[in-house]
Number of protein chains: 2
Amino acid sequence: MDNRQQLLDSALALFSQRGYDAVGVREIVEAVGVTKPTLYHYFDSKRGLLDALLQRESGHLLTEVLQAAVYHGDLVLTLENIVRAYFRIAQKASAYYRMQLTMYFSPPESEGNQAIRPFTTQQREILEDVFIRAAEDHGNLRGRHSRYAAGLLGVVNATIGLYFNDALALNEEIVYQVVHQFMYGIFS
Amino acid sequence: MDNRQQLLDSALALFSQRGYDAVGVREIVEAVGVTKPTLYHYFDSKRGLLDALLQRESGHLLTEVLQAAVYHGDLVLTLENIVRAYFRIAQKASAYYRMQLTMYFSPPESEGNQAIRPFTTQQREILEDVFIRAAEDHGNLRGRHSRYAAGLLGVVNATIGLYFNDALALNEEIVYQVVHQFMYGIFS
DNA sequence: ATGATAATATACCGATCGGTATATTTTGTC
DNA sequence: GACAAAATATACCGATCGGTATATTATCAT
């Protein structure tokens with residue numbers, strides 16, 4: 001079963017560097033030092049390999065975000081925990097996060113986008129739930145949970161983008177600033 | 001010269017729907033009803049076609065954003081103008097904006113990302129300049145222009161993403177809400 | 001030790017990839 | 001109308017694509 005994991009690792013590295021479409025199965029197997037039938041022994045197809053990869057990798061992200069996204073009345077605290085979780089994953093599993101980001105913004109009819117959609121949907125729903133629950137305490141949030149979830153994820157991903165381009169370090173200060181601006185605006 | 005424009009149109013439609021890598025030149029020329037040598041008469045290569053396409057399309061976006069990004073002391077007003085400009089383009093040139101978004105988040109070593117980078121860099125710089133000039137009036141903004149520019153673009157693109165998924169209409173109200181939250185936070 | 005099964009390799013498939021050599025047609029100029 | 005140049009087509013190139021038929025080697029339970 002070791003080759004199976006190595007194939008997933010190889011696919012992750014290559015997909016995140018150059019993209020799903022631009023990487024051939026030949027390259028994936030050569031990086032591991034095996035041949036194509038080995039890959040097709042473990043996976044039905046290139047797409048099946050991608051699905052298995054997303055399954056394996058998104059698990060970590062989901063558990064971390066789910067742990068962080070418990071709301072007990074303090075929205076700022078909850079959002080800080082969520083942003084911290086995202087930053088942690090972007091650092092710890094940077095190859096995967098890069099790839100997820102790429103596939104999320106891939107064209108709707110591309111294989112990459114279709115493969116990632118269920119996982120990103122799940123992640124968005126977790127965030128939306130936080131804002132829905134928070135709206136029970138803060139009525140003026142009501143009905144805007146989609147926009148808030150998308151907006152927070154937008155700044156989080158933009159910030160992670162800066163980190164990926166070495167323009168930023170993802171430290172506690174940035175967590176505070178991102179959440180604080182989201183909650184209280186730019187001047188605070 | 002009509003075929004040249006039609007080829008660019010065809011490439012734009014296909015690239016934005018399924019992605020640069022997944023679309024072959026064969027498909028592009030067939031959609032126009034010509035043959036490959038016609039394409040290679042006007043462009044050096046598939047990559048050259050992409051470059052010409054980005055050149056043609058990004059012009060419109062840049063002029064609109066540049067017009068909107070004049071700062072005369074009222075940051076809220078300027079940001080509203082910028083956001084309005086982005087929303088207008090996302091609606092008027094949706095295929096191109098989809099494609100630009102895709103390529104911006106494509107892997108750094110992919111052709112798509114390398115081709116789009118100069119244009120998105122230009123756009124980011126316009127936004128950064130606004131925050132730099134605004135910092136002359138509001139000292140507490142100083143030194144954070146990169147993060148602010150990235151953050152605003154992040155929420156703008158996240159909002160446009162909702163629009164692309166039919167979860168939102170890009171009207172005046174959303175312009176106001178996006179800028180207002182950016183400036184004053186979530187509770188306002 | 002044997003027999004079944006899982007894991008891997010060799011060598012190939014047809015299709016498509018980006019790109020082009022060559023020939024023909026269209027266009028505009030004198 | 002002749003001629004050059006631009007525009008387009010036919011027919012092809014080698015390389016790579018995702019995928020597989022078949023054979024061989026490891027693994028492991030009996």
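Sequence lines set the chain letters: A, B, ... in the order given, protein chains first and strands last, and positions in each chain run from 1. As the structure is a prediction and not an experimental result, all values here were calculated from the model.
Taking a cutoff of 4.0 Å between a charged side-chain nitrogen and a carboxylate oxygen, A:Lys92 and A:Glu64 qualify as a salt bridge. Classification of A:Lys46 and A:Asp21 as a salt-bridged pair fails, no side-chain N sitting under 4.0 Å from a carboxylate O. A:Arg133 has no carboxylate O lying under 4.0 Å from a charged side-chain N of A:Asp129, or vice versa, which leaves the two without a salt bridge. Salt bridge status for B:Arg56 with B:Asp9: present, with a side-chain N to carboxylate O gap under 4.0 Å.
For the pair B:Asn3 and D:dT8, the criterion of a side-chain N or O lying under 4.0 Å from OP1 or OP2 is met. Checking the phosphate oxygens (OP1, OP2) of C:dA9, a side-chain nitrogen or oxygen of A:Thr35 falls inside 4.0 Å. Distances shorter than 4.0 Å separate none of the side-chain N or O atoms of B:Tyr42 from OP1 or OP2 on D:dA6.
Scored by the side-chain hydrogen bond (donor to acceptor under 3.5 Å, both in side chains) test, B:Tyr163 finds no partners at all (sequence neighbours excluded). Residues meeting the side-chain contact (heavy atoms from CB on, under 4.5 Å) test with A:Ala149, sequence neighbours left out: A:Leu127, A:Glu128, A:Phe131.
For the pair B:Leu14 CG and C:dG18 P, the computed distance is 12 Å after rounding to whole Å. B:Glu30 has its CD atom 16 Å from the C1' atom of D:dT8, to the nearest Å. Between the NE2 atom of A:His41 and the C1' atom of D:dG19 there is a distance of 16 Å, given to the nearest Å. At whole-Å resolution of the value, CD1 in B:Ile28 and C1' in C:dG19 are 13 Å apart. Spacing between atom CD of A:Glu111 and atom C1' of D:dG18 amounts to 11 Å, rounded to whole angstrom units. One interatomic measurement links the two molecules: CG of A:Leu50 to P of D:dG18, which rounds to 12 Å at whole-angstrom precision.
Over its length, the helix from C:dA1-D:dT30 to C:dC30-D:dG1 turns its helix axis by 10°, as judged from the five terminal pairs at each end, rounded to 10°.
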Hey, can you pull the donor-acceptor pairs under 3.5 Å for the side chains in residues 172-179 of chain B, sequence neighbours left out?
unit_1   : atom_1 : unit_2   : atom_2 : d
B:Glu172 : OE1    : B:Arg84  : NH1    : 2.7
B:Glu172 : OE2    : B:Arg84  : NH1    : 2.7
B:Glu173 : OE2    : B:Gln177 : NE2    : 3.0
B:Tyr176 : OH     : B:His180 : ND1    : 3.4
B:Gln177 : OE1    : A:Arg147 : NH1    : 2.4
B:Gln177 : OE1    : A:Arg147 : NH2    : 3.2

If you look only at distance, which donor and acceptor atoms sit under 3.5 Å apart when one is on a side chain in residues 30-42 of chain B and the other is two or more places apart or in another chain?
none

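For A:Tyr40, the listed nucleotide lying nearest its side chain is D:dG18; candidates were C:dG19, C:dA9, D:dG18.
One finds the CZ atom of B:Arg124 at 7.0 Å from the OG atom of B:Ser146 (value rounded to the nearest 0.5 Å).
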Check nucleotides 13-17 of chain C against the protein and report each pair of N or O atoms closer than 3.5 Å, with its distance, or say if there are none.
unit_1 : atom_1 : unit_2  : atom_2 : d
C:dC17 : OP2    : B:Arg26 : NH1    : 3.0

